[in-house]
Amino acid sequence: MKIHTKAVHAGDRKKAPSQIGVTTPIYTAASFITSSLAEQDRIYGAEEQGFAYQRYANPTNAALEEQMTALEGGHGCLATASGMSALLIALHAALVDRTHSVICSRDIYGATIKLLDGVFEPFNVNVRYVDLTDLNALDASIAAEKPGAILLETISNPTLRVADLEAIAQRCRAVNAALIVDNTFATPLLVRPLELGANIVVHSVTKYLSGHGDVLGGLVIGDQEHHEMVRYLSRIYGPVLGPFESYLAMRGAKTFPLRMERQCRNAQGLAAWLRTQKSISRVHYLDDPEHPDAATIWRLLTNGLYGAMVTFELAGAQKPQIFKLVDSLGLVVNASSLGDVHTMVLYPWISSHREVTPKMKAAMGVTESLLRVSVGIEDLDDIIADFEQALA
Ligand SMILES: Cc1ncc(COP(=O)(O)O)c(C=O)c1O
């Protein structure tokens, strides 16, 4: 089955004899009654699949998890309360039986840096940030750090760098490090990292997959070894998604490939227009033949879609000029998220990368003049018209 079909059908209408809802309902019950104590015993003993207690599993979450496993591949999925809790549990699961050392892409979401530096490092996990688009630099740090895990974003937030996933996966296999990939920006429509050798894929389901700006949630989709550890840890510390959010995420995800295709086309159109504007000094978008990672992008993104994020620099701008531009936008929403149906703008300097050190910001190219646009499904002409009037 192809991805559009899986998005619509996977997870719902299980064992449908007749008179069963076309969608999976919201199960709010905290616990589940079994036909006998012996059945409960089999469920707790994992001899039988079933539901006993909401922290362990819930039918609404199970439907979403099945849908997401179908979209990304892999052995199974855990739906979590946020993208950050998905990253936390993925890293924890990866490091359980390995060296407590992580190589993380230098180009990454600010809160992920905070998670590594503020939560893992104090527990004696060694964290090293490396430009993963430079395989020589990666080889040198693998030799020095002997990492237990390597973490990267398929398309990095916000500067849209793309590292060679397959080459990194090969290196991970050679040293028994787990490869964790945050696939939030790319989505499984563009890249499916598990098929390229990753062990765990993480999503903020808050973004493209749910797509309507009304859910906060995360996903951890793993190969067999890691999925079992993720579920084991989740049963203990329980960062699970609530059933209402699960329902909304699943509902949104049915149309995600459709929305994403249009968002990618709109983003390509907006990037092309921004490149013609004198006041814009640089446009970051993945269809650019001059992109520093162009060769990897052509190899990895094979369906002619280059993502729906566009990042640009307003020539010579500092905070006041950026504030003026953003405050002049009308249709485009100024809010801290991405992937919604509406076009959104975010200023990484004051938000997603605010607490990243100046040195790291400079290394990853997050400057005071950089704005990130998450392009929505509106008519492209209207999106461009809004930027045009705001830039005038
Ligand atoms: C690439 C990426 N990963 C993870 C997250 C965290 O997701 P959440 O806000 O759902 O915790 C974000 C949030 O913006 C993100 O952009």
Side-chain angles (χ1 to χ4, degrees), residues 64 68 72 77-92 102 104-120 129 132 151-163 165 180-188 190-191 193 198 200-221 234 239-242 244-246 248-249 252-253 256 260 263 267 284 286 307-311 333-340 344-356 364 366 370-375:
L64 170 70
M68 293 303 165
E72 280 288 3
C77 169
L78 174 78
T80 61
S82 67
M84 291 314 299
S85 54
L87 277 162
L88 169 75
I89 201 162
L91 280 159
H92 191 169
V102 177
C104 179
S105 169
R106 175 202 66 183
D107 302 285
I108 202 122
Y109 175 47
T112 305
I113 297 174
K114 282 207 277 187
L115 174 69
L116 287 166
D117 294 354
V119 176
F120 281 92
Y129 297 96
L132 294 188
L151 169 64
L152 76 156
E153 292 167 353
T154 324
I155 301 173
S156 77
N157 180 2
T159 46
L160 313 183
R161 299 300 304 264
V162 179
L165 265 182
I180 305 171
V181 180
D182 181 336
N183 203 30
T184 300
F185 271 34
T187 80
L190 271 59
V191 183
I200 307 179
V201 163
V202 168
H203 275 277
S204 167
V205 83
T206 318
K207 310 297 185 329
Y208 293 105
L209 294 174
S210 69
H212 295 74
D214 52 8
V215 183
L216 185 83
L219 304 168
V220 190
I221 305 132
S234 172
V240 293
L241 191 63
F244 288 105
E245 288 77 10
S246 244
L248 281 177
F256 118 79
M260 188 66 185
Q263 285 172 274
H284 303 252
L286 300 194
M309 303 298 295
V310 181
T311 303
V333 178
N334 162 24
S336 303
S337 194
L338 64 105
D340 294 348
M344 307 173 86
V345 67
L346 175 133
Y347 187 22
W349 191 258
I350 64 152
S351 54
S352 61
H353 289 68
R354 187 183 188 104
E355 288 163 46
V356 174
M364 67 171 88
V366 172
L370 190 88
L371 267 182
R372 193 192 78 184
V373 186
S374 163
V375 185

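In listed order, ligands and their atoms are each counted from 1. Excluded from the calculations below are hydrogen atoms, water molecules and symmetry mates; all remaining heavy atoms, backbone and side chain alike, are included.
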Nearest 0.5 Å, what's the OG1-CG distance between Thr184 and Leu87?
7.5 Å

Below 3.5 angstrom, do we get any N/O pair linking Ser204 and ligand 1?
yes

Any idea which atoms of ligand 1 are less than 4.0 Å away from a heavy-atom of Asn157?
16 (O)

What atoms of ligand 1 come within less than 4.0 Å of a heavy atom belonging to Gly217?
10 (O)

So Ser337 and Met344, do their side chains get closer than 4.5 Å, heavy atoms only?
yes

Among Met309, Met84, Arg372, Lys207, whose heavy atom sits nearest atom 9 (O) of ligand 1?
Lys207

First locate atom CZ of Arg106, then atom CG of Leu132, and finally report the distance between them rounded to the nearest 0.5 Å.
9.0 Å

At less than 4.0 angstrom from any non-hydrogen atom of Thr206, what atoms of ligand 1 do you find?
10 (O)

Among non-hydrogen protein atoms, atom 5 (C) of ligand 1 lies closest to Tyr109 CE2, 3.5 Å

Just to verify, which of Val162, Asn157, Leu286 counts as forming a side-chain contact (heavy atoms from CB on, under 4.5 Å) with Phe185?
Asn157

Among all protein heavy atoms, pick the one closest to atom 8 (P) of ligand 1 and tell me residue, atom and distance.
Gly83 N, 3.3 Å

One residue to check: Leu338. Relative to ligand 1, which of side chain, backbone, both or neither has a non-hydrogen atom less than 4.0 Å away?
side chain

Which ligand 1 atoms does Glu153 reach within 4.0 Å, using its non-hydrogen atoms?
1 (C)

With a 4.0 Å cut-off on heavy atoms, does Ser352 reach ligand 1?
no

Please work out which of Leu87, Thr112, Asp182, Leu346 has its closest non-hydrogen atom nearest to atom 3 (N) of ligand 1.
Asp182

Between Tyr129 and Asp107: side-chain donor-acceptor atoms closer than 3.5 Å
no

Could you tell me whether Phe185 and ligand 1 have an N or O pair separated by under 3.5 Å?
no

Which atom names give the shortest non-hydrogen contact between Leu165 and Val191, and what distance separates them?
CD1-CG1, 4.0 Å

Donor-acceptor pair, distance only, cut-off 3.5 Å: does the side chain of Asp340 make one with the backbone of Gly213?
yes

For Pro239 versus Ile89, what's the shortest heavy-atom pair and its separation?
CG-CD1, 4.0 Å

